[in-house]
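Below: the structure, in structure tokens.
Count residues from 1 along the sequence. Indexing begins at 1, ligand by ligand and atom by atom, following the structure's order. Note that the structure is predicted; figures quoted are calculated from it, not measured. What you see below is based on every heavy atom in this structure, not just the backbone, and it leaves out hydrogens, waters and symmetry mates.
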Amino acid sequence: MSQRQLQNPPTVCVIPGDDAAPEVMRPTVEILQRLAPSINFVEAPCGREAQAQYGTPFPDVTREAIDNADCTLFGASGGPSRPILWYLRWNKETFINVRPVRWIPGYRSPMLNPERIDYVIARDNLEGMYPPREGDVAELATLTSSSSWWMAPPVDKVGAYSIKVSTDEQMQRVAAYACELALQRQQAGYPGRVTLGAKYSIQPRTDGRFRTLVKEAVSQHPSLTYQEFLVDDMARRLVASPETLDVVVLGNEHGDILADVSSGTIGGLGLSPSACYGEHYAYFEPVHGSAPDLAGKGIINPTAMLLSGAQMLAYLGYNEEARALETAIEQTYRDGSLLPVDQGGQAGTTEFVQAITARLPRN
Ligand code: NAD
Ligand code: IPM
Ligand code: MN
């Protein structure tokens with residue numbers, strides 16, 4: 001988590017994102033501003049609009065707005081805003097992506113017992129196969145290895161490679177963060193269980209090392225327990241036995257894919273928030289993308305963006321306000337008389353946001 005000194009009052013940079021993302025960002029900022037009037041929200045241009053106005057999807061004014069803020073609220077990139085996402089991840093070194101997975105009554109889950117789903121994914125946000133580093137297989141001609149498993153790449157063929165990188169520094173801080181999260185949750189009554197999903201059977205140097213480091217980190221906390229599963233089996237467990245999970249540690253690409261699986265178990269991408277923390281910066285974004293198929297229809301579900309906003313409020317120290325927002329969302333789903341289209345209801349984005357707003361405490 002960020003050790004950075006927060007400004008008082010805090011400043012939040014708002015990047016609306018591409019396609020349908022601004023349709024959930026706009027009402028989210030309105031609600032957050034209403035809950036915490038002292039926060040200074042600064043919207044920065046991005047994507048196609050920035051391209052039209054500044055000749056680039058990521059102008060200097062936007063970089064400065066990100067740099068000058070305590071954190072950023074990011075809609076989603078459908079392509080044009082991707083350089084901004086890259087900046088938030090790699091320039092700001094936001095090393096961990098925290099993706100809570102919790103079913104609430106009213107969420108349209110396809111599961112038989114969704115009430116048992118309540119865990120958090122801690123995903124490496126910086127390494128593995130990200131950022132993309134690809135090339136021509138011919139470039140691998142000089143590559144050698146002492147591994148007994150080594151098979152030289154087919155450099156005489158036409159084709160490409162992609163690189164996966166795992167540094168001890170990053171794996172250790174992901175592991176340490178997962179333990180911290182499990183300890184925090186344990187104080188709130190969760191079992192204190194860290195579960196690693198990785199392909200340590202096939203990738204001993206990267207995922208095997210990750211396994212060793214996560215196991216080591218957990219062993220330093222006697223109150224925590226450690227579980228591990230090969231990531232393919234882990235995928236099954238997310239669906240077959242989610243009640244056994246508390247904090248799930250995953251590599252970057254595994255975490256990306258499996259977070260969407262987890263989201264599917266609670267009722268879909270409209271419901272899944274996330275937070276990305278670094279030592280010096282944090283940003284908040286839903287798990288979902290820019291939902292281009294929904295753009296302009298006024299039906300995109302704002303829940304994931306709102307819950308990401310609640311994670312941000314808590315990060316900024318507005319714990320009561322964060323809880324109030326989560327409660328208003330929960331009450332709206334529990335009531336069930338008005339639900340978003342992806343949850344089987346008929347409410348458009350605006351109508352659904354109004355129902356949540358009506359349940360917020362009055363200032
Ligand atoms: P997506 O998450 O945008 O959409 C997948 C499906 O989920 C679609 O059917 C969409 O309608 C639905 N969906 C997503 N969010 C929803 C919401 N809030 N309410 C209701 N339904 C919702 O994924 P995609 O279609 O594979 O990708 C679209 C673009 O988004 C791509 O360019 C992708 O790279 C990008 N993307 C960006 C981020 C990010 O910025 N962090 C994350 C994921 C995908
Ligand atoms: C996510 C997205 C991103 C990822 C894309 C937009 C690069 O899918 O945040 O889940 O793969 O990390
Ligand atoms: Mn994703």
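- Residue contacts with ligand 1 include Ser290, since one or more of its heavy atoms lies under 4.0 Å from the ligand.
- Taking CG from Leu238 and OG from Ser263, the interatomic distance works out to 11.5 Å, rounded to the nearest 0.5 Å.
- A donor-acceptor distance shorter than 3.5 angstrom exists from the side chain of Thr357 to the backbone of Val353, with no hydrogens or angles considered.
- For atom 26 (O) of ligand 1, the nearest protein heavy atom is 4.0 Å or more away.
- The CG atom of Asp124 lies 10.0 Å from the CG atom of Leu250; values are rounded to the nearest 0.5 Å.
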Take Glu285 and Arg89, measure what salt bridge (charged side-chain N to carboxylate O under 4.0 Å, His left out) needs, and give me the verdict at the end. CA-CA 12 Å; Glu285 61 173 350; Arg89 289 188 186 177; 3.2 Å; yes

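- Nearest protein heavy-atom neighbour of atom 22 (C) of ligand 1: Leu294 CD1, 3.8 Å.
- Evaluated by nearest non-hydrogen atom to atom 38 (C) of ligand 1, the leading choice among Ala20, Gly289, Ala291, Ser263 is Gly289.
- Side chain of Gln33 to main chain of Ile39: a donor-acceptor pair is present (N/O by atom type, distance under 3.5 Å, no hydrogens or angles).
- With respect to atom 28 (C) of ligand 1, the closest heavy atom belonging to the protein is Pro292 CD, 3.5 Å.
- Summary of contacts: the protein heavy atom closest to atom 8 (C) of ligand 1 is Asp293 OD2, 3.4 Å.
- Not a single heavy atom of Val24 sits less than 4.0 Å from an atom of ligand 1.
- Taking 4.0 Å as the cut-off, Met305 does not count as a neighbour of ligand 1 on heavy-atom distance.
- A 6.0 Å sphere centred on CD of Glu49 holds no more than 12 heavy atoms belonging to other residues, nucleotides or ligands.
- Distance from atom 34 (O) of ligand 1 to its nearest protein heavy atom, with residue and atom name: Arg82 NH2, 3.5 Å.
- Here Tyr333 and Phe352 bring their ring centres to under 6.0 angstrom of each other.
- In this structure, Arg99 counts as a contact residue of ligand 2, since one of its heavy atoms falls inside 4.0 Å of the ligand.
- A donor atom on one side chain and an acceptor atom on the other are not found under 3.5 Å apart for Asp60 and Tyr54.
- Ring geometry, Phe284 versus Tyr315: the interplanar angle falls from 30° to 60°, so the pair is classed tilted.
- In this structure, Arg323 does not pair ionically with Glu320, as no charged nitrogen and carboxylate oxygen lie closer than 4.0 Å.
- Taking the charged nitrogens against the carboxylate oxygens, Glu93 and Arg173 do have a contact shorter than 4.0 Å, which makes a salt bridge.
- For ligand 2, one of its N or O atoms has an N or O atom of Arg123 under 3.5 Å away.
- Between Arg237 and Asp233, at least one side-chain N (NZ, or NE/NH1/NH2) sits under 4.0 Å from a carboxylate O, which counts as a salt bridge.
- If you check which protein heavy atom lies closest to atom 11 (O) of ligand 2, you get Tyr130 OH, 2.6 Å.
- When hydrogens are left out, the protein atom nearest atom 14 (C) of ligand 1 is His288 CB, 3.7 Å; that is the closest non-hydrogen contact.
- Using a cut-off of 2.8 Å, one finds that Asp260 contributes no N/O/S atom close to the Mn ion (ligand 3).
- Within the 4.0 angstrom cut-off, atom 10 (C) of ligand 1 has one or more protein heavy-atom neighbours.
- Of the options Asn97, Asn125, Leu85, Asn252, the smallest heavy-atom separation from atom 6 (C) of ligand 2 is shown by Leu85.
- The backbone N or O of Tyr107 lies less than 3.5 Å from no partner atom in the side chain of Gln343, so there is not a single donor-acceptor pair.
- At least one N or O atom of Asp256 sits closer than 3.5 Å to an N or O atom of ligand 2.
- In terms of protein heavy atoms, atom 40 (O) of ligand 1 is closest to Ser77 N, 2.7 Å.
- By the 4.0 Å N-to-carboxylate-O rule, Arg82 lies too far from Asp18 to be salt-bridged with it.
- Any N or O atom pair closer than 3.5 Å counts here, and Arg89 shares at least one such pair with ligand 2.
- If you check which protein heavy atom lies closest to atom 41 (N) of ligand 1, you get Glu285 OE1, 2.9 Å.
- When distances from the Mn ion (ligand 3) to the N, O or S atoms of Asp256 are compared, OD1 comes out shortest.
- When hydrogens are left out, the protein atom nearest atom 7 (O) of ligand 1 is Leu269 CD1, 3.6 Å; that is the closest non-hydrogen contact.
- Within a 4.0 Å radius of atom 32 (O) of ligand 1, the protein contributes at least one heavy atom.
- Heavy-atom separations between Asp18 and ligand 1 are all 4.0 Å or longer.
- The backbone and the side chain of Asn301 each have at least one atom closer than 4.0 Å to an atom of ligand 1 (non-hydrogen atoms only).
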